[in-house]
Amino acid sequence: MAIEDDVLVIGGGLAGATAALAAADRGAQVRLVSAKQSTLRHASGLIDVLGYAPAGDGPLADPFAALEDLPAGHPYERVGGEAVRDALAFFDEIAGDAYEGGHTDANALVPTHGGTVKPTARYPVSTADGLASDDRDALLVGFETLPDFDAPLSAAHLEAAGAPFEARGVTVRFPGIVRDDAKITRYAHLLDQPETVQTDRGETTAREALAAVVEPYLEGESRVGFPAVLGDDHTDAVRAELGERLGVDVFEVPMGPPSLPGMRLEDLLYDALEERGVRVTTGVPVVDYETDADGANADEPARIDHVIVDRNGTEIPHRADQYVLATGGLVGKGVESERKRVFEPIFDCHVPHAADRYDWFVDDVFGDQPYARFGLPVDRDLRPLDADDGLEFPNLRGAGAVLGGYDFAAEKSGAGVSLATGYVAGRRAAEEKR
């Protein structure tokens with residue numbers, strides 16, 4: 001007997017979680033299955049909408065103004081600008097006071113660990129005091145055992161980029177950590193918990209010890225940025241105590257993977273899924289599917305009847321009325337390539353690409369790479385289209401990086417597309433359930 005739901009979401013990243021939440025919000029019985037752990041823990045935790053136009057113009061001050069000029073087939077063109085706004089409002093309700101940016105249509109410029117600034121529409125409250133539009137001078141603090149954040153180099157890059165403030169960077173030893181391979185969660189745990197660490201002055205809390213290490217380096221700056229390891233469950237309290245001891249505003253600088261802000265976003269979304277009664281199962285890849293071809297109208301494509309999930313070697317059928325595919329792009333293996341073809345591996349949906357694989361890329365590493373736009377073409381209902389622009393399956397929708405027609409890395413639009421298309425796919429799926 002198949003496990004039955006109204007809506008089955010395949011994929012557990014931002015797009016999949018948003019689709020499941022949006023469908024549940026419309027009263028559907030929803031299940032989310034994912035082949036692996038959520039990719040959110042590798043993300044920055046920032047919610048970008050559109051930082052740069054496809055032609056390269058930017059950084060964009062108003063991403064919504066640029067949505068109107070996007071080419072046909074771009075995911076934002078498919079769903080429309082109003083849906084992007086609705087999706088952000090939906091996210092704001094879920095995120096509550098954990099994120100900022102909802103007060104304006106303008107992008108914020110958030111400094112990253114590499115010393116660049118990222119145009120983004122929503123950002124964790126822990127990063128708010130570090131915005132590059134703020135003209136207050138900043139001290140960036142890195143740790144000897146965390147080489148991913150070179151604070152002096154990042155400060156120099158910010159200065160070279162024309163940031164409207166003076167930035168300095170220093171590197172210190174994090175109290176209580178001596179290993180170069182310590183996990184970022186170890187830093188967060190020491191600051192989260194009332195554990196003591198040994199210092200030259202004796203035993204004290206990690207927060208007090210860190211403030212004492214940093215304080216001598218201050219030269220009148222009114223804000224201090226640390227790599228994003230300032231606690232996990234009690235980030236606000238950690239920042240508040242460090243700020244009080246140093247007499248400054250404290251902010252976090254988003255890091256590369258693994259990312260604590262990404263993990264916090266994952267916790268926020270998955271707590272919301274649990275609250276809304278969404279059934280979540282990870283570590284269970286979808287390996288096959290069957291259609292209701294026998295009952296289909298000769299003039300219409302067959303519907304997906306059920307999918308087969310591999311649960312520890314046992315094949316379990318899952319049946320739903322509507323399906324959302326949010327398995328990621330080339331990086332996430334939601335789109336795969338072989339020497340002669342590019343394809344979607346679960347339902348074998350059509351992925352447009354040149355016949356000659358040497359036309360999938362250009363020699364200029366920084367050029368406009370065709371492979372960056374590989375993904376499913378969809379109609380305005382986000383249903384995948386075949387090579388003749390007909391529906392692949394009338395009860396399947398795509399969301400997030402599995403969609404084609406955009407370059408999320410160049411546009412800085414990845415999270416925004418996942419949020420907007422996940423929201424639309426989930427709502428439409430719930431509205432069309434039988």
Side-chain angles (χ1 to χ4, degrees), residues 3-47 83-102 121-126 185 188 192 231-237 259-284 309 311 318 320-328 397 399-400 415-416 418-433:
I3 297 173
E4 300 200 8
D5 296 280
D6 294 329
V7 177
L8 181 69
V9 177
I10 306 170
L14 179 57
T18 302
L21 288 167
D25 197 56
R26 301 293 286 182
Q29 179 176 304
V30 184
R31 186 179 300 271
L32 183 151
V33 297
S34 177
K36 54 189 177 182
Q37 200 170 41
S38 167
T39 55
L40 285 164
R41 61 187 48 241
H42 301 299
S44 66
L46 303 175
I47 304 296
V84 179
R85 291 181 182 275
D86 291 343
L88 284 170
F90 183 68
F91 176 81
D92 291 340
E93 292 179 6
I94 295 169
D97 59 4
Y99 273 72
E100 293 195 8
R122 300 291 187 273
Y123 45 93
V125 67
S126 65
T185 49
D192 248 349
D232 191 4
D233 296 329
H234 306 292
T235 305
D236 290 345
S259 162
L260 270 172
M263 295 179 192
R264 296 170 196 153
L265 177 57
E266 178 185 51
D267 290 342
L268 186 154
L269 292 171
Y270 276 72
D271 286 347
L273 289 170
E274 183 177 1
E275 291 171 4
R276 286 161 174 76
V278 175
R279 299 166 176 83
V280 177
T281 308
T282 58
V284 289
V309 166
R311 182 176 295 176
H318 283 255
D321 186 65
Q322 301 288 323
Y323 297 82
V324 176
L325 183 66
T327 45
R397 288 172 177 80
S418 291
L419 187 66
T421 57
Y423 174 77
V424 171
R427 284 180 65 90
R428 302 260 173 95
E431 290 166 356
E432 293 190 16
K433 68 180 177 63

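In this chain, numbering begins with 1 at the start of the sequence shown.
Under the rule for a side-chain hydrogen bond (donor to acceptor under 3.5 Å, both in side chains), Glu275 has no partner lying at least two apart in sequence or in another chain. By the side-chain hydrogen bond (donor to acceptor under 3.5 Å, both in side chains) test, Glu274 pairs with no residue at all, sequence neighbours left out. Under the rule for a side-chain hydrogen bond (donor to acceptor under 3.5 Å, both in side chains), the partners of Gln29 that lie at least two apart in sequence or sit in another chain are Asp5. With sequence neighbours excluded, no residue satisfies ring-ring contact (aromatic ring centres under 6.0 Å, His included) with Tyr123. Residues satisfying the side-chain hydrogen bond (donor to acceptor under 3.5 Å, both in side chains) criterion with Ser34, sequence neighbours excluded, are absent altogether. Every residue meeting the side chain to side chain contact (heavy atoms under 4.5 Å, CB included) condition with Asp321, not counting sequence neighbours, appears here in chain and number order: Arg303, Lys433, Arg434.
Rounding to the nearest 0.5 Å gives a distance of 12.5 Å between CZ of Arg279 and CG of Leu32. One distance of note links CG of Leu419 with CZ of Phe90; it measures 8.5 Å at 0.5 Å rounding. Note: Leu8 CG to Arg31 CZ = 8.0 Å, rounded to the nearest 0.5 Å. Rounding to the nearest 0.5 Å places CD of Glu432 at 12.5 Å from CZ of Arg427. Going from atom CG of Asp86 over to atom OH of Tyr423 covers 4.5 Å, rounded to the nearest 0.5 Å. With rounding to the nearest 0.5 Å, the separation of CD in Glu266 from CG in Leu260 is 11.5 Å.
The two residues Ala23 and Ala430 make their nearest non-hydrogen contact at O-CB, 3.6 Å. Nearest heavy atoms, Leu88 versus Arg122: CB-NH2, 3.7 Å. Annotation for Ile94 and Ala272: closest pair CG2-CB, 3.9 Å, computed over non-hydrogen atoms. The two atoms that bring Thr235 and Ser126 nearest to each other are CG2-CB, 4.3 Å, heavy atoms only. Ala429 and Val324 get closest at one heavy-atom pair: CB-CG2, 4.2 Å. Minimum heavy-atom separation, Gly12 to Ser38: O-OG, 3.2 Å.
Panel note: side chain Asp192, backbone Asp232; a donor-acceptor pair is recorded below 3.5 Å. Put simply, the side chain of Thr421 gets close to the backbone of Gly400: a donor and an acceptor are under 3.5 Å apart.
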- Step by step, work out the side-chain contact (heavy atoms from CB on, under 4.5 Å) result for Asp97 and Val125. CA-CA 8 Å; Asp97 59 4; Val125 67; over 6 Å; no

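Residues Val30 and Leu273 fail the side-chain proximity criterion, which asks for heavy atoms closer than 4.5 Å.
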